[in-house]
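In what follows, a single structure is set out as structure tokens and then discussed.
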Amino acid sequence: MDALETFRQEVREWLEANCPESQRKPASREEQVWAGRNQTFPSADAKLWFERMRDKGWTVPDWPKEYGGGGLNDAEAKILKDEMKRLGCRTPLLDIGIWMLGPALLEYGNEAQKQEHIPKIARGEIRWCQGYSEPGAGSDLASLQCKAEDKGDHFLVNGTKIWTTNADKSDWIFCLVRTDPNVKKQEGISFLLIDMESEGVSASPIELISGESEFCQTFFDNVKVPKENLVGELNKGWSVAKALLKHERKLMSEQETPAGTQITPVQAALDYVGTDANGKVANAALRDQLVRHEMKYRALGLTHFRSFEEKMSGAGEGNIPMIMKYVGTECTKEREETLIAMLGTQGLGWEGEGFNQDETLATRGWLFSKALSIAGGSSEVQLNIIAKRVLGLPD
Amino acid sequence: MDALETFRQEVREWLEANCPESQRKPASREEQVWAGRNQTFPSADAKLWFERMRDKGWTVPDWPKEYGGGGLNDAEAKILKDEMKRLGCRTPLLDIGIWMLGPALLEYGNEAQKQEHIPKIARGEIRWCQGYSEPGAGSDLASLQCKAEDKGDHFLVNGTKIWTTNADKSDWIFCLVRTDPNVKKQEGISFLLIDMESEGVSASPIELISGESEFCQTFFDNVKVPKENLVGELNKGWSVAKALLKHERKLMSEQETPAGTQITPVQAALDYVGTDANGKVANAALRDQLVRHEMKYRALGLTHFRSFEEKMSGAGEGNIPMIMKYVGTECTKEREETLIAMLGTQGLGWEGEGFNQDETLATRGWLFSKALSIAGGSSEVQLNIIAKRVLGLPD
Amino acid sequence: MPLVLNEEQRLLKDTAKEFLGSSAPVEALRKLRDEKNEIGYDKALWQQMAELGWAGIVLPEDYDGLDFGFMGLGAIIEESGRTLTASPLFSTVVLGASAILLGGSDEQKQSLLPSVASGEKTLTLAVDEYAHHNPAAIALSAKAQGENFVLTGKKVCVVDGHTADHIVVAARTSGTTGSTDGISLFIVDGDAEGLTRTRRWMADSRAVAELNFDKVSGQLLGELDKGWDILDPVLDRGRICLAAEMLGGTQEIFKRTVDYLKEREQFGVKIGSFQALKHRAAHMFTEIELAKSVVLDAFTAIDEGRADLGQMASFAKATVNDLYYLVSNEAVQMHGGIGVTDELEIGFFLKRSRMAIQLLGDSGFHRDRYASLSGY
Amino acid sequence: MPLVLNEEQRLLKDTAKEFLGSSAPVEALRKLRDEKNEIGYDKALWQQMAELGWAGIVLPEDYDGLDFGFMGLGAIIEESGRTLTASPLFSTVVLGASAILLGGSDEQKQSLLPSVASGEKTLTLAVDEYAHHNPAAIALSAKAQGENFVLTGKKVCVVDGHTADHIVVAARTSGTTGSTDGISLFIVDGDAEGLTRTRRWMADSRAVAELNFDKVSGQLLGELDKGWDILDPVLDRGRICLAAEMLGGTQEIFKRTVDYLKEREQFGVKIGSFQALKHRAAHMFTEIELAKSVVLDAFTAIDEGRADLGQMASFAKATVNDLYYLVSNEAVQMHGGIGVTDELEIGFFLKRSRMAIQLLGDSGFHRDRYASLSGY
């Protein structure tokens, strides 16, 4: 048995022994465990599971051990992921600090910043949010206006950020700010970390078409930010941002049904459309729509896997990561559309009696999914990037 | 009974009395009657029918009587068209002079040009072809290079034209030529009529993917063209061309199955796919493809009709003509694809035994249809035009 | 088959545009939603609509109607699709009154239609029993009891079903679920004993209800077991009118999207200058123009009593279903971030589009039906 | 389920690319077409391919094969799709030899497979009888006569059917047309008495034949009435290999189209700078990447003997059918005028795409099959 197989065996045994039964099925929104100064847990099992994983560094399995990570290499991390999936283990800790800021700090942060922030992220002590987009900017992210003026010992930040996910529940925010308005727009941007408890910071939720309001608009009114919170060089924030965006796109490409409905399109078809004497979904057009989607969805999964294998083996052209934000989010939108089409009018319930939770979650999830191909680099921006970077088409 | 109804009655009676039975079903390619110096007829009936229509001016029903036309107004011309369709009467004479050059000459030609050319078109004495596109120009028509130099009493023409339909069988060609290379590209173009028998003109057929070669490349090598053959003002040929192009697009939007197969997609489905116990086309996906197309095709027909009614009544926004080249050619391509999909492998025969004429015509027609969304302003150019002229989107 | 509106119809359309734009814009629907209005529409507004003659617009003059034809009603409904106006126009005039008119005895017509025309009474039609439209799959049973019938079973997604004064109910009197034979129509009072009506809160904020029948008394409408002959053309009228509403909504969000493309700047230019967006917008425009022709021809099929009414209804509904789906998705995407906020009204259209797609048959249902009616 | 080629497979693919690119480019197919070559492929080329070991690549070593697996064969076939190479590789190795291997007795294998591996003999499989692939709809009958059977009926679109030395024929020995029970497989000699073979000239210039059987003697392959159990996996191998060929063709025309977009100028700029074309090209690229994963997984399903072989075959064929359709149409359109000339090779791919879509099942067939195999 090779080292990886031994590792797999160990992981499997550890998970079997340590993951409480209640943590072995998908978490509804209420059952999720998020980071935070005042962290709360939906259940004792969730707390136990979080603490056990945290103590092994497996909230962030592939981060260095010295900063509270698990120190696993890519292959080991994949094994842990596979084994958790096999057993149905929930993600023990959710935080944008884990998904986005941490990797950026590991690459661009100075030692003091790493020491200060990364272990807290790994241990779920701080909940982070992201301040990139602005009301006027949209896809043209680099045109951002929120400014940070150098005031000697601190920056003075004024402006506003939009689509700051859960800003009203977060402890810190990482932001792109304009530190030089007189140069090419990408060249005057810096990357700042800001404590949301600073004076002058406020966040107000934006209601979405799905009825949710996890996005906020965040305002900065003469906010003083210590100089040590600058990540990377002054006016070089765009490089950090690009690295981070790439990461965000990868995450979004892997995003599952957002609102957590438990019913699949196939199950919905069988239950809500019904089958004919041959066991075929009774409506031929819906059945064809369903199978088209199921193929696309499965192709996407295989392509994720192929990308991993190419990375591991060094084979292939390495283009897959460039397409996955576009393909993944479009496929998720299609999945949600397929699901509500199968559910019929039961997939369009909003609230109140007459609809079970899976049904209303399907409605909400469908509506929420519309944001996926807009946020984090719209599908149009992604296609531009593929045309330019992969196909080499001229500007 | 109003005047139009009386007219309809007369037309109907005349057609019943004068259109030979053999001319009351669609013409195969071999049965078509084309114009030309050395005109030939596939049958005595075809000749009779052509001559009767010619003598009434109904080869060009809405052209002025003084130039050999029928002198009908729009409503009367529509009645004649409807009645011919009702009886299944063939078009008595085919020529690009009728479809394109005639209307342009009526608008832009001087009296001498009208007198010289229009009656000959109406009477089928000259077969025309069109010389617009050039090998390097494509959609960017105005970049044409074929030049006509002013030599005092004549122009000296040098260059080449491509996609000159049936140039090898035509008597005259109308051309766009560059008469001033030193101004904005649209402003140095003139519209010339050239006798194909002039010294220095040659045409060689281009074989298409459909196996046909009705398109030619035409070469001009020091061809002398009399000055009186200039239509419109010198260097103002672009206006004539635009008017003509609009006309060409309208024609292309109305183009029926090009190669003249007699089998419809519905019939093909019934005959080649077969039906189940409920009389439904046996393959659900093919049936769905079929009905989608049939709806699109019918919608197109209704839209043609609506456009006519809007024009007659002065209602509506008059935008329909702007979309019909795009919609019509895309729909025809879809129709051909649908047809061969229904025919299965019998819709992919090329030649030889094993395939009846309808089948091979379907193959050829499918391949030929690919040119429709390229020629006469590609679909991409059409969408640009709609975006700009109809929607008012910025450049 | 006129495919343009005549002068009178155009005037009517202009009036509707003006009235609905000022009296019942999309904000009015937002208000109904935010205050969780149980009725689901504004009764005062409906009175005004009735005073404009809209409640009786297609009814014969004998029943105090204007006998103006469905083409005119369609023009109004198309405008109401632009404003997403909630009113009983569809449930009462298109569905309920059509059923009474096509199937009712003189007495039934006399007793109900004038009060519809005046705006006094509202009606609706109860057909579906599952999450997908399937009018032959009727299980709700009606059994004779003396002069009347008693109905037992369930109906879902009944438009304005919890407020209608009278409900035309499709029930099974013989045969088995799935058969078009053996269906009969009944008129049931909204406040009849044994009838439980529950408003359902849908994503589109419009009122539909679930109705539970426990031995509810109903009055036969039309012939016993032959209800399908009435139901089928009534549903077709409904499908065509719904298609008109959807076409109105589609045009409205398309217009808003094109306006946004002209106004929003990104990367220093108007986003409407990006060719990819231009082509998508231009393509949508062509699809809208095709759909307009189809819907107009479908209305002439009603007004001229054409034999291909069923085909045209399925043609129109399938066409507009797919169109509204496309354009609503593109409208959200092209509006970018603000497109997914509740503040922007595009979301209201997106939600309505999907509900309207489901009501009276999705595209698969109608393509199947169109093909069968066309003999393939 | 490896979704990347291993070192050996990559080498094989490179060899195939080089060999086919120089020995059998698209011009070779044009030549066969223009000279109306009756055979439909170049026999000398096939000998060279056999010498490279391709004829025996998936056969067990016992029969002089290389036992290299379908993943490797797929790599070769994908390359042959880029060059549109005409050869009996598909008919002989993929279809015919698979049938013998999966269904044959030791004697049958011993007598046929080594001569396949050497390139000496060609095989094929005759299944379809109509213009649409439908392997259960077999009417051609086989009746016992002494030791052997006699076959009567017709087969169409038999790949290389007029030249194959032996033909595996699916015939009905019991049951009715449409039933998968009662089908049996037979080996028939190409020159058997009563067999009439007629080459059909198709748009894609590749060789298929119509076979007419008039009491033709055939030798049973596998069990009587249980032929479906062999036929089904043989067809699946065929579908997956055909999908590989189609994927190769798709990538080739996509590459040529992108190259053209970079080189062709219109309105003073490269047409590849037009955003609408960029987005369409980028979208196609993503679809190609997805399809690659599917086809690779389908090959592992063959090589690993996975239970979901049927699903994977339908998944791959349906996916690549739709992809080749899309990309071939776009390739023609984006090449503009020259795209529709016979001079440009794009037309050869367009024609081949449609033929390959029809062979062994169009997308509707395979989506239906995939859904049924998936239980819905």
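A quick note: this is a predicted structure, and the numbers were derived from the prediction, not measured. Here is the naming used below: chain letters follow the sequence lines, and residue numbers restart at 1 for every chain.
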Expected output: side-chain K370(B) to main-chain L350(D) donor-acceptor under 3.5 Å:
no
S205(D), part contacting chain B, at a heavy-atom distance under 4.5 Å:
neither
Counting only non-hydrogen atoms closer than 4.5 Å, does S143(B) touch chain D with its backbone (N, CA, C, O), its side chain (CB onward), both, or neither?
neither
Distance-only, no hydrogens or angles: does the Q333(D) side chain make a donor-acceptor pair with backbone N or O of S373(B) under 3.5 Å?
yes
Chain B contact via R264(D) - which portion, at a heavy-atom distance below 4.5 Å
side chain
Where the side chain of T341(D) meets the backbone of L208(B), is there a donor-acceptor pair that is under 3.5 Å apart?
no
By a 4.5 Å heavy-atom criterion (distance strictly below it), what part of S379(B) contacts chain D: side chain, backbone, both, or neither?
both
Looking only at heavy atoms and a cut-off of under 4.5 Å, which of E337(B), K333(B), M342(B) has the most pairs with chain D?
E337(B)
Listed by number, the residues in residues 277-295 of chain B that come under 4.5 Å of chain D (heavy atom to heavy atom) are N283(B), A285(B), L286(B)
Can you tell me which portion of R354(D) sits under 4.5 Å from chain B's heavy atoms? Options are side chain, backbone, both or neither.
both
Heavy-atom contact with chain B under 4.5 Å, split by part of F274(D):
neither
Under 4.5 Å, counting heavy-atom pairs only, tell me which of G136(B), G211(B), G347(B) racks up the most with chain D.
G136(B)
Test item: D140(B) side-chain N/O and Q266(D) main-chain N/O as donor-acceptor pair under 3.5 Å:
no
Would you mind checking which part of A371(B) comes under 4.5 Å of any heavy atom in chain D, side chain (CB onward), backbone (N, CA, C, O), both or neither?
both
Should L348(B) and D204(D) count as side-chain neighbours, where that means a heavy-atom distance under 4.5 Å?
no
Going by an N to O cut-off under 4.0 Å, is there a salt bridge joining R280(D) and E380(B)?
yes
Is E351(B) salt-bridged to R200(D), going by a charged N under 4.0 Å from an acidic O?
no
